[in-house]
> 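Quick one: the structure is below, questions incoming.
If you're wondering where the values come from, they're calculated on a predicted model, not measured in any experiment.
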Amino acid sequence: MAILAFAYALVAYLGFLLVSVYAIGFVGGFVVPKTIDGPQTFSLVQAIAIDLGLVLLFGVQHSVMARQRFKRLWVRWIPESIERSTYVVCSSLALAACFYFWRPIAGALWEVPPPWSGVLWGGYALGWLVLMLSSFMISHAELFGLKQAWLALCRRPMQAQPFRIRWLYKLVRHPIMLGFLMTFWLTPVMSLGHLVFSMGMTAYILIGLYFEEKDLVAAIGDDYLAYQAQVPKLLPWTRQ
């Protein structure tokens, strides 16, 4: 059973990587078969309703399954060693559905010409780099379920890690989400469809972080409260 659980965790992680690579092209508008922009085939109202529904689907799944109350119920049905991997699978499927069923909306709000467009593309690439590096500054393997399945395979208990503040986490409390925001908004061409996507995902991030920080305060206590008082949530060098 532990071998199957670890194989499941590996497949879940590889699926996440595939969806993540597709997301780079989808949001950036290059390479992949379907991107955030394209010919508008639905009416404006229909397209906005579908697109916001897809963002809501992802946001609800991603936030609800991350809550401790849901996890306590969930592990009654599945082994605890694959709880995080199952979360990764569901998140990847929700994001893949968002890409597949997305309805482009025509109309550009801004188009930035060279050389400033290159600056925005650089910021877009930096956003992906920030969120990737940030995951390794905590525990990449634990974040995506590999560590849990590996420890179960080795018959070793999962131990709570001490609260430590590293690198980008000294600038903002949620550098992964900062990276996502950079990828959403730093674009040389902002179409109406891209705006709907960016606003919807930004709203999800802000709402999700509210509940995540409540969980972190409950789990860590005074140390996290002190961290909140010292380090901004998303924007570096902003005052609390």
> Assess whether atom CE of Met132 is packed by more than 12 heavy atoms of other residues, nucleotides or ligands within 6.0 Å.
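Yes, enclosed.
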
> Please round to the nearest 0.5 Å and tell me the distance separating atom CZ of Phe26 and atom CG of Asp37.
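If I round to the nearest 0.5 Å, the distance is 8.5 Å.
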
> Between the side chain of His194 and the main-chain N/O of Phe184, is any donor-acceptor distance below 3.5 Å?
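It does hold such a pair.
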
> Taking all atoms of both residues into account, what is the closest heavy-atom pair of Ile36 and Val27, and its distance?
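Of all heavy-atom pairs spanning Ile36 and Val27, the closest is CG2-O, 3.9 Å.
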
> For Phe70, does the CZ atom have more than 12 heavy-atom neighbours from other residues, nucleotides or ligands under 6.0 Å away?
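Counting other residues, nucleotides and ligands, CZ of Phe70 exceeds 12 neighbours.
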
> Classify the ring geometry of Tyr124 against Trp128: parallel below 30°, tilted from 30° to 60°, perpendicular beyond 60°.
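Correct class here is perpendicular.
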
> Check whether more than 12 heavy atoms from other residues, nucleotides or ligands sit under 6.0 Å from atom CD1 of Ile3, and answer yes or no.
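It does not: Ile3 CD1 has 12 such atoms or fewer within range.
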
> For the atom pair CG (Leu225) and CD1 (Ile220), what is the distance rounded to the nearest 0.5 Å?
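The CG atom of Leu225 sits 9.5 Å away from the CD1 atom of Ile220.
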
> Nearest 0.5 angstrom please: Ile138 CD1 to Gln161 CD, how far?
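Interatomic distance, Ile138 CD1 to Gln161 CD, rounded to 0.5 Å: 11.5 Å.
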
> Taking Glu80 for the side chain and Val75 for the main chain, is one N or O donor matched with an acceptor at less than 3.5 Å?
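Absent.
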
> Does a salt bridge link Arg173 with Glu213, judged by any charged N lying under 4.0 Å from a carboxylate O?
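Looking at Glu213 together with Arg173, the answer is yes, because their closest N to O distance falls below 4.0 Å.
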
> Could you tell me whether a side-chain N or O of Lys34 sits under 3.5 Å from a main-chain N or O of Tyr100, the two making a donor and an acceptor?
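Yes, Lys34 side chain to Tyr100 backbone: donor-acceptor pair under 3.5 Å.
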
> Within the side chain of Arg84, is there an N or O that forms a donor-acceptor pair under 3.5 Å with the backbone of Gln148?
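No; zero donor-acceptor contacts below 3.5 Å.
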
> Among Phe197, Phe58, Tyr22, which residue satisfies the ring-ring contact (aromatic ring centres under 6.0 Å, His included) criterion with Phe99?
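The option that passes is Tyr22.
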
> Report yes or no: does Asp51 contribute a side-chain atom to a donor-acceptor pair with the main-chain N or O of Arg103 at less than 3.5 Å?
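Side chain of Asp51 to backbone of Arg103: a pair is present.
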
> Quick check: does any side chain N or O of Tyr169 sit under 3.5 Å from a backbone N or O of Ser134, one acting as donor and the other as acceptor?
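Side chain of Tyr169 to backbone of Ser134, a donor-acceptor pair under 3.5 Å: yes, one is there.
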
> Would you say the side-chain atoms of Ser63 pair up with the backbone N or O of Val60, donor to acceptor, closer than 3.5 Å?
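Not a single qualifying donor-acceptor pair exists.
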
> Find the distance between CZ (Phe144) and OH (Tyr87) and round it off to the nearest 0.5 Å.
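It comes to 9.5 Å.
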
> Got a second to check how far His62's NE2 is from Ser91's OG, nearest 0.5 Å?
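Here the rounded value is 4.0 Å.
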
> Between Glu83 and Thr86, does any side-chain donor sit less than 3.5 Å from a side-chain acceptor?
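No - no donor-acceptor pair under 3.5 Å links their side chains.
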
> If every non-hydrogen atom of Met158 is compared with every non-hydrogen atom of Lys147, which pair is closest and at what distance?
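What the structure gives for the nearest pair is CE-CD, 4.2 Å.
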
> Please determine whether ring-ring contact (aromatic ring centres under 6.0 Å, His included) holds for the pair Phe180 and His174, giving the CA-CA distance in whole Å, both sets of side-chain angles, and the decisive distance to 0.1 Å.
CA-CA 10 Å; Phe180 275 120; His174 302 281; over 10 Å; no

> Whether the side chain of Trp110 engages the backbone of Thr187 through a donor-acceptor N/O pair (distance < 3.5 Å, no angle test) should be reported.
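Side chain of Trp110 to backbone of Thr187, a donor-acceptor pair under 3.5 Å: yes, one is there.
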
